[in-house]
Amino acid sequence: MDQKKDDISALLDFDLLKRLVVGIGEVSRITGIPTRKIRYWEEKGAIQSENEQEGSTRRYDYLNVKKMLLIQEMLDEGFTLDSAIEKVEKRMVTLDEAFKKLADTLEDDK
DNA sequence: GTTCTCACA
DNA sequence: TGTGAGAA
(Lines give C-alpha, C1' and ligand atoms only; values in the text may rest on other atoms or scores of the structure.)
Protein backbone atom coordinates (compact mmCIF):
# COMPACT_ATOMS: atom_id res chain seq x y z
CA MET A 1 0.00 0.00 0.00
CA ASP A 2 2.76 2.38 0.85
CA GLN A 3 5.00 0.81 -1.71
CA LYS A 4 4.84 3.76 -4.08
CA LYS A 5 5.48 6.12 -1.25
CA ASP A 6 8.59 4.13 -0.41
CA ASP A 7 9.69 4.33 -4.03
CA ILE A 8 9.44 8.08 -3.93
CA SER A 9 11.40 8.22 -0.71
CA ALA A 10 14.11 6.15 -2.36
CA LEU A 11 14.33 8.71 -5.14
CA LEU A 12 14.47 11.59 -2.74
CA ASP A 13 17.31 9.87 -0.96
CA PHE A 14 19.48 11.14 -3.80
CA ASP A 15 19.61 14.30 -1.74
CA LEU A 16 21.47 12.30 0.86
CA LEU A 17 23.86 10.99 -1.75
CA LYS A 18 24.50 14.51 -2.90
CA ARG A 19 25.60 15.35 0.59
CA LEU A 20 28.11 12.50 0.58
CA VAL A 21 31.21 14.58 0.21
CA VAL A 22 34.91 13.89 0.37
CA GLY A 23 38.06 15.97 0.43
CA ILE A 24 40.25 16.50 -2.60
CA GLY A 25 42.79 14.03 -1.29
CA GLU A 26 40.25 11.22 -1.16
CA VAL A 27 38.95 12.06 -4.63
CA SER A 28 42.49 11.98 -5.95
CA ARG A 29 43.18 8.63 -4.31
CA ILE A 30 39.94 7.12 -5.56
CA THR A 31 39.97 8.44 -9.11
CA GLY A 32 43.70 8.48 -9.65
CA ILE A 33 43.47 12.11 -10.77
CA PRO A 34 46.20 14.33 -9.29
CA THR A 35 44.93 16.99 -6.89
CA ARG A 36 46.63 19.58 -9.03
CA LYS A 37 44.56 18.56 -12.06
CA ILE A 38 41.34 18.57 -10.03
CA ARG A 39 41.91 22.17 -9.02
CA TYR A 40 42.81 22.96 -12.61
CA TRP A 41 39.51 21.53 -13.83
CA GLU A 42 37.61 23.42 -11.20
CA GLU A 43 39.31 26.55 -12.42
CA LYS A 44 38.08 25.77 -15.94
CA GLY A 45 34.51 25.30 -14.68
CA ALA A 46 34.30 21.54 -15.05
CA ILE A 47 33.33 21.00 -11.43
CA GLN A 48 32.20 23.05 -8.48
CA SER A 49 33.47 22.31 -5.02
CA GLU A 50 31.23 22.83 -2.07
CA ASN A 51 33.33 24.98 0.18
CA GLU A 52 31.91 24.80 3.63
CA GLN A 53 32.25 27.99 5.58
CA GLU A 54 34.91 26.88 7.98
CA GLY A 55 38.28 26.06 6.58
CA SER A 56 39.08 26.42 2.92
CA THR A 57 39.40 22.79 1.91
CA ARG A 58 37.40 21.82 -1.16
CA ARG A 59 34.73 19.18 -0.80
CA TYR A 60 33.30 17.22 -3.70
CA ASP A 61 30.02 15.28 -3.76
CA TYR A 62 29.63 12.04 -5.66
CA LEU A 63 28.17 13.83 -8.67
CA ASN A 64 31.32 15.85 -9.10
CA VAL A 65 33.44 12.74 -8.70
CA LYS A 66 31.31 11.19 -11.42
CA LYS A 67 31.93 14.20 -13.63
CA MET A 68 35.68 13.91 -13.12
CA LEU A 69 35.72 10.26 -14.16
CA LEU A 70 33.55 11.08 -17.17
CA ILE A 71 35.75 13.97 -18.22
CA GLN A 72 38.87 11.92 -17.73
CA GLU A 73 37.54 9.27 -20.10
CA MET A 74 36.55 11.84 -22.70
CA LEU A 75 39.96 13.47 -22.63
CA ASP A 76 41.47 10.04 -23.22
CA GLU A 77 39.22 9.75 -26.24
CA GLY A 78 40.63 12.93 -27.67
CA PHE A 79 38.10 15.52 -26.60
CA THR A 80 39.24 18.94 -25.54
CA LEU A 81 38.60 19.87 -21.93
CA ASP A 82 36.05 22.48 -22.99
CA SER A 83 34.00 20.09 -25.12
CA ALA A 84 34.21 17.45 -22.41
CA ILE A 85 32.84 19.91 -19.86
CA GLU A 86 30.07 20.92 -22.22
CA LYS A 87 28.99 17.35 -22.91
CA VAL A 88 29.11 16.32 -19.24
CA GLU A 89 27.03 19.34 -18.35
CA LYS A 90 24.37 18.33 -20.86
CA ARG A 91 24.35 14.79 -19.54
CA MET A 92 23.75 16.03 -16.01
CA VAL A 93 20.86 18.21 -17.17
CA THR A 94 19.33 15.37 -19.17
CA LEU A 95 19.58 12.95 -16.25
CA ASP A 96 18.15 15.50 -13.83
CA GLU A 97 15.17 16.17 -16.07
CA ALA A 98 14.56 12.46 -16.58
CA PHE A 99 14.58 11.76 -12.86
CA LYS A 100 12.24 14.66 -12.18
CA LYS A 101 9.79 13.27 -14.73
CA LEU A 102 10.10 9.85 -13.13
CA ALA A 103 9.43 11.30 -9.69
CA ASP A 104 6.43 13.22 -11.03
CA THR A 105 5.07 10.02 -12.54
CA LEU A 106 5.18 8.30 -9.19
CA GLU A 107 3.62 11.33 -7.53
CA ASP A 108 0.72 11.35 -10.00
CA ASP A 109 -0.56 7.85 -9.34
CA LYS A 110 0.12 7.95 -5.65
C1' DG B 1 47.17 17.46 5.11
C1' DT B 2 45.27 21.74 2.32
C1' DT B 3 45.44 26.38 -0.15
C1' DC B 4 47.29 29.78 -3.69
C1' DT B 5 50.19 31.75 -7.57
C1' DC B 6 53.80 32.12 -11.15
C1' DA B 7 56.10 30.05 -14.48
C1' DC B 8 56.94 26.49 -17.85
C1' DA B 9 56.21 22.57 -21.33
C1' DT C 1 46.19 20.66 -21.16
C1' DG C 2 48.67 19.93 -17.41
C1' DT C 3 52.68 20.22 -13.99
C1' DG C 4 56.50 21.97 -10.48
C1' DA C 5 57.79 24.47 -6.84
C1' DG C 6 57.59 27.63 -3.16
C1' DA C 7 55.05 29.73 0.50
C1' DA C 8 51.34 30.17 3.67
Side-chain angles (χ1 to χ4, degrees):
Chain A
M1 184 170 186
D2 286 340
Q3 184 57 44
K4 285 189 169 62
K5 191 174 182 181
D6 290 340
D7 288 342
I8 296 176
S9 294
L11 282 175
L12 295 181
D13 277 345
F14 275 112
D15 285 337
L16 282 179
L17 282 179
K18 287 178 181 175
R19 294 189 176 89
L20 200 166
V21 290
V22 293
I24 189 173
E26 291 300 305
V27 177
S28 176
R29 184 180 58 78
I30 296 172
T31 63
I33 302 174
T35 62
R36 191 66 182 74
K37 194 188 290 188
I38 295 176
R39 295 196 198 95
Y40 175 65
W41 285 357
E42 181 171 16
E43 195 176 357
K44 301 292 288 187
I47 51 185
Q48 49 266 298
S49 65
E50 296 188 357
N51 270 354
E52 311 214 342
Q53 301 176 347
E54 57 180 315
S56 55
T57 69
R58 295 170 170 76
R59 308 218 121 219
Y60 302 93
D61 58 30
Y62 89 111
L63 283 178
N64 281 310
V65 175
K66 227 171 175 176
K67 285 187 187 177
M68 295 182 214
L69 264 3
L70 232 35
I71 292 174
Q72 179 64 77
E73 287 184 20
M74 299 187 71
L75 290 179
D76 289 340
E77 293 171 11
F79 286 87
T80 66
L81 182 56
D82 285 330
S83 61
I85 293 173
E86 188 178 351
K87 280 182 172 288
V88 168
E89 215 59 43
K90 285 184 179 180
R91 292 173 73 108
M92 300 303 285
V93 173
T94 301
L95 288 174
D96 188 54
E97 290 177 347
F99 274 114
K100 280 181 178 176
K101 289 179 182 177
L102 182 57
D104 287 342
T105 299
L106 291 178
E107 286 282 355
D108 288 342
D109 58 20
K110 177 170 51 179

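To find a chain, count down the sequence lines: A is the first, B the second, and so on, and within it residues start at 1. The shown structure was predicted, so the numbers you read here are calculated from the model rather than taken from an experiment.
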Visitor: According to a 4.5 Å side-chain heavy-atom criterion applied to Ile, Leu, Val, Met, Phe, Trp and Tyr, with indirect links allowed, do A:I30 and A:Y60 form part of one hydrophobic cluster?
Guide: no
Visitor: For A:S49 and A:R59, indicate whether the former's side chain and the latter's backbone hold a donor-acceptor pair under 3.5 Å.
Guide: no
Visitor: Atom CG of A:N64 and atom CD of A:E50: how far apart are they, to the nearest 0.5 Å?
Guide: 7.0 Å
Visitor: First and last nucleotide of DNA chain C in contact with chain A, 5' to 3', at under 4.0 Å to a heavy atom: what are they?
Guide: C:dT1 to C:dA5
Visitor: With rounding to the nearest 0.5 Å, note down the distance linking CD1 in A:I71 to NZ in A:K44.
Guide: 12.0 Å
Visitor: For a quick check, with a 4.0 angstrom heavy-atom cut-off, what is the B/S/- contact string for nucleotides 4-9 of chain B, read 5' to 3'?
Guide: SBB---
Visitor: Contact between A:Q72 and A:T31 at the side-chain level, heavy atoms closer than 4.5 Å - yes or no?
Guide: no
Visitor: If you take any heavy atom closer than 4.0 Å to DNA chain B, which residues from residues 24-35 of chain A end up in contact?
Guide: A:I24, A:G25
Visitor: Show every donor-acceptor pair shorter than 3.5 Å between a side-chain atom in residues 96-103 of chain A and any protein atom, with sequence neighbours excluded, or say none if there are none.
Guide:
from: A:D96; atom 1: OD2; to: A:K100; atom 2: NZ; distance (Å): 3.4

Visitor: Would you mind writing out the side-chain donor-acceptor pairs for residues 78-90 of chain A within the sub-3.5 Å range, not counting sequence neighbours?
Guide:
from: A:T80; atom 1: OG1; to: A:S83; atom 2: N; distance (Å): 3.2
from: A:T80; atom 1: OG1; to: A:S83; atom 2: OG; distance (Å): 3.0
from: A:S83; atom 1: OG; to: A:T80; atom 2: N; distance (Å): 3.2
from: A:S83; atom 1: OG; to: A:T80; atom 2: O; distance (Å): 2.9

Visitor: Measure the CE-CG distance between A:M68 and A:L63 for me, rounded to the nearest 0.5 Å.
Guide: 10.5 Å
Visitor: Within the structure provided, determine whether A:R58 and A:N51 are in side-chain contact (heavy-atom separation under 4.5 Å).
Guide: yes
Visitor: Going by number, which of residues 71-88 of chain A have a non-hydrogen atom under 4.0 Å from DNA chain C?
Guide: A:L75, A:T80, A:L81, A:D82
Visitor: How many angstroms lie between OG1 in A:T35 and CD1 in A:I24, if you round to the nearest 0.5 Å?
Guide: 5.0 Å
Visitor: When rounded to the nearest 0.5 angstrom, what is the spacing between CG in A:D61 and NZ in A:K66?
Guide: 11.0 Å
Visitor: With hydrophobic residues grouped by side-chain heavy-atom distances under 4.5 Å, do A:V21 and A:I47 end up in a single group?
Guide: no
